[in-house]
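Notes to accompany the following structure.
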Amino acid sequence: MEHRATEEIRDRAVLVGLNSPRLSQRENADESTMEELSSLVETAGGLAVGVVLQKKASPDPRTFIGEGKAAEVRELVRAQEATMVIFDNDLTPSQMRVLTEELGVQVLDRSGLILDIFAQRARTREGRLQVELAQYQYLLPRLVGMWTHLERQAGTSGKGPIGSKGPGETQLETDRRHIRRKIDKLKQELEEVRRVRGTQRQRRMKNEIPVVAIVGYTNAGKSTLLNRLTGAGIPANNRLFDTLDTTSRLLQVSDTLEVVISDTVGFIRKLPHQLVDAFKATLEELEYADLLLHVIDISNPAWMEQAEVVDELIAELGAEQTPCIRVYNKSDLYWGDIRPHGEGTVNLSAKTGEGIADLLAAIDRALDKGSRHVTLHLPYDKGNLLDLLYREAKVEAVSYGEESIDVEAVCNPKAIGLAKDYIEGYVEPREPWED
């Protein structure tokens with residue numbers, strides 16, 4: 001019974017959006033962004049109890065939506081017993097303060113909501129540091145006026161003459177300095193975490209295991225796909241932003257190819273800029289990836305716009321040159337007549353498993369470096385070749401026979417060239433002009 005009681009104590013939120021020709025397309029609210037905001041509220045553990053979409057020639061500098069609309073929202077808050085109001089647009093610190101006073105409940109904008117979700121979802125040390133850094137950067141400009149009621153100065157009433165500021169500086173300045181110190185400390189800690197991960201990545205590069213990164217719009221089915229491919233127990237829920245930290249798994253693609261496959265945080269429209277910067281470290285996996293799998297939820301009518309958001313972010317992160325397979329997921333729910341097709345595209349359903357074999361074949365083709373699975377019979381006086389194979393190839397089995405050392409290995413073209421005389425059934429590849 002206790003559990004049910006806590007389940008019921010959720011934030012009840014009224015959602016507000018402004019659509020204005022003065023705002024850029026990125027900043028504007030419309031039906032689809034309000035729907036997405038509603039999903040974000042649900043992800044954060046809240047419940048949307050009302051939606052107000054205001055069309056206005058230009059934003060009101062004081063209340064953003066105008067006095068009349070603010071009064072209407074206040075009535076809706078009372079009627080719905082809402083505990084907070086969440087704006088789909090970003091508000092200035094002064095607008096947030098005015099609206100909080102006028103509406104009588106906590107006011108949050110889209111950036112603040114996304115930060116809250118990230119804070120709930122961060123699991124690794126790096127993820128938590130990134131969220132904390134972004135939260136402090138978001139908070140710093142919003143401090144102004146939050147502490148006016150706590151203003152205090154040594155030996156004065158708080159409004160003393162210039163130069164009388166002693167050790168008892170205003171609470172606001174104390175907090176500002178504390179936050180700036182905290183930001184610097186977090187940046188140092190993040191650098192250290194990145195340095196350690198850079199070393200781990202170098203080690204992985206030495207192993208020559210290709211890295212495949214799964215990217216896509218939030219809720220496109222990336223975690224479900226990773227689960228399907230590797231059997232990994234990553235929670236895959238129908239909630240936005242469910243994966244925050246990069247999760248990596250080893251995947252045997254074919255008998256000659258093994259890859260490290262990484263899942264990344266979902267991309268979203270109107271992602272707060274300070275978050276893009278703070279999360280560069282999570283997404284820098286893309287820079288080092290040998291192949292990207294761009295997962296697209298083809299059952300969503302807005303899949304083209306969503307794919308565009310992801311493409312733009314990939315370019316912003318400097319990974320547009322990385323080979324990419326477009327993975328059209330949820331194909332079993334596709335509403336169109338002809339599925340997207342062509343080179344570098346795969347249609348599948350991560351949920352049912354349809355098309356997974358096609359994806360593995362596409363990954364194998366994209367990362368084919370000419371490696372082959374071979375059996376070698378090395379004479380005992382050529383034992384030095386075994387050392388070479390251990391260095392250059394992936395040795396799977398070695399047995400010592402009466403006349404030779406028998407080796408099963410996955411060899412790259414270099415190793416094949418050096419040991420071809422001892423490969424069972426080896427045929428010299430023919431040049432195209434020899435056919």
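For the pair Gln80/Arg12, a side-chain contact is recorded, criterion being any heavy-atom separation below 4.5 Å from C-beta on. Between Thr83 and Val105, every side-chain heavy-atom pair lies at or beyond the 4.5 Å cut-off. Between Ile296 and Gln306, the closest side-chain pair of non-hydrogen atoms is not below 4.5 Å. Contact check for Ser20 versus Lys55: no side-chain heavy atoms found under the 4.5 Å cut-off. At a threshold of 4.5 Å between non-hydrogen side-chain atoms, the residues Val196 and Glu192 count as touching. For the pair Leu418/Leu388, a side-chain contact is recorded, criterion being any heavy-atom separation below 4.5 Å from C-beta on. When side chains are defined from C-beta on, Ile363 counts as touching Leu291, because their heavy atoms get closer than 4.5 Å. When side chains are defined from C-beta on, Ile416 counts as touching Tyr426, because their heavy atoms get closer than 4.5 Å.
Every residue was checked against the ring pair (Phe, Tyr, Trp, His ring centres under 6.0 Å) condition with Phe87, not counting sequence neighbours, and none meets it.
Side-chain atoms of Asn329 and Ser331 form no donor-acceptor pair, as typed in the model, at a separation below 3.5 Å. Side-chain polar atoms of Thr352 and Asp332 form no donor-acceptor pair below 3.5 angstrom. Looking at His373 and Glu396, their side chains do bring a donor and an acceptor atom within 3.5 Å of each other. Between the side chains of Ser24 and Glu27, a donor-acceptor pair is found at a separation under 3.5 Å. Checked by atom type, the side-chain pair Tyr422/Asp406 shows no donor-acceptor distance below 3.5 Å. Side-chain contact check for Ser349 and Glu354: no donor-acceptor pair (N or O, by modelled atom type) lies under 3.5 Å. Side chains of Ser299 and Asp297: a donor on one and an acceptor on the other come within 3.5 Å.
Using a distance-only test at 3.5 Å, with no hydrogens or angles considered, a donor-acceptor pair links the side chain of Asn89 to the main chain of Leu18. The backbone N or O of Leu91 sits less than 3.5 Å from a side-chain atom of Asp109, completing a donor-acceptor pair. Although no hydrogens or angles enter the test, the distance criterion places no donor-acceptor pair under 3.5 Å between the side chain of Glu392 and the main chain of Leu389. Between the side chain of Thr33 and the main chain of Ala29, no donor-acceptor pair closer than 3.5 Å is present. For the pair Glu408 (side chain) and Thr375 (backbone), a donor-acceptor distance under 3.5 Å is absent. Within the 3.5 Å criterion, the main-chain N or O of Lys414 finds a donor-acceptor partner in the side chain of Asn412.
Between the CG atom of Leu140 and the NZ atom of Lys182 there is a distance of 14.0 Å, given to the nearest 0.5 Å. Note that CD1 of Ile405 and OH of Tyr400 are 5.5 Å apart. Values are rounded to the nearest 0.5 Å. Interatomic distance, Tyr380 OH to Glu403 CD, rounded to the nearest 0.5 Å: 10.0 Å. Taken from CD in Glu31 to CG in Asn19, the straight-line distance is 8.5 Å, to the nearest 0.5 Å. Atom CG of residue Asp30 and atom CD of residue Gln25 lie 8.5 Å apart, to the nearest 0.5 angstrom. Here the CG-CD distance, from Leu292 to Glu320, works out to 10.5 Å after rounding to the nearest 0.5 Å.
Here the closest non-hydrogen pair linking Ala44 and Leu113 is CB-CD1, 3.9 Å. Closest approach of Arg22 and Pro59 over heavy atoms only: CB-CD, 4.0 Å. Closest approach of Ser111 and Tyr138 over heavy atoms only: CB-CE1, 3.7 Å. Of all heavy-atom pairs between Pro210 and Leu367, the closest is CB-CD1, 3.9 Å. The minimum heavy-atom distance linking Ala48 with Val41 is given by the pair N-CG1, 4.1 Å.
Between Arg195 and Glu191, no side-chain nitrogen of the basic residue sits less than 4.0 Å from a carboxylate oxygen of the acidic one, so the salt-bridge criterion is not met. A salt bridge links Arg110 with Glu36: at least one charged nitrogen is closer than 4.0 Å to a carboxylate oxygen.
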Could you walk me through whether Glu189 and Lys185 pass salt bridge (charged side-chain N to carboxylate O under 4.0 Å, His left out), step by step?
-> CA-CA 6 Å; Glu189 286 183 45; Lys185 187 171 180 291; 2.8 Å; yes
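Counted within 6.0 Å of NZ on Lys382, heavy atoms from surrounding residues, nucleotides or ligands total 12 or fewer; the atom is thus considered open. Atom CD of Glu35 sits in a sparse spot, with 12 or fewer heavy atoms from other residues, nucleotides or ligands closer than 6.0 Å.
A side-chain contact (heavy atoms from CB on, under 4.5 Å) with His294 is found for one member of Asp311, Thr345, Ile325, Val327 and no other, namely Asp311.
Under the 6.0 Å cut-off for aromatic ring centres, Trp303 and Tyr217 do not qualify, their centroids lying 6.0 Å or more apart.
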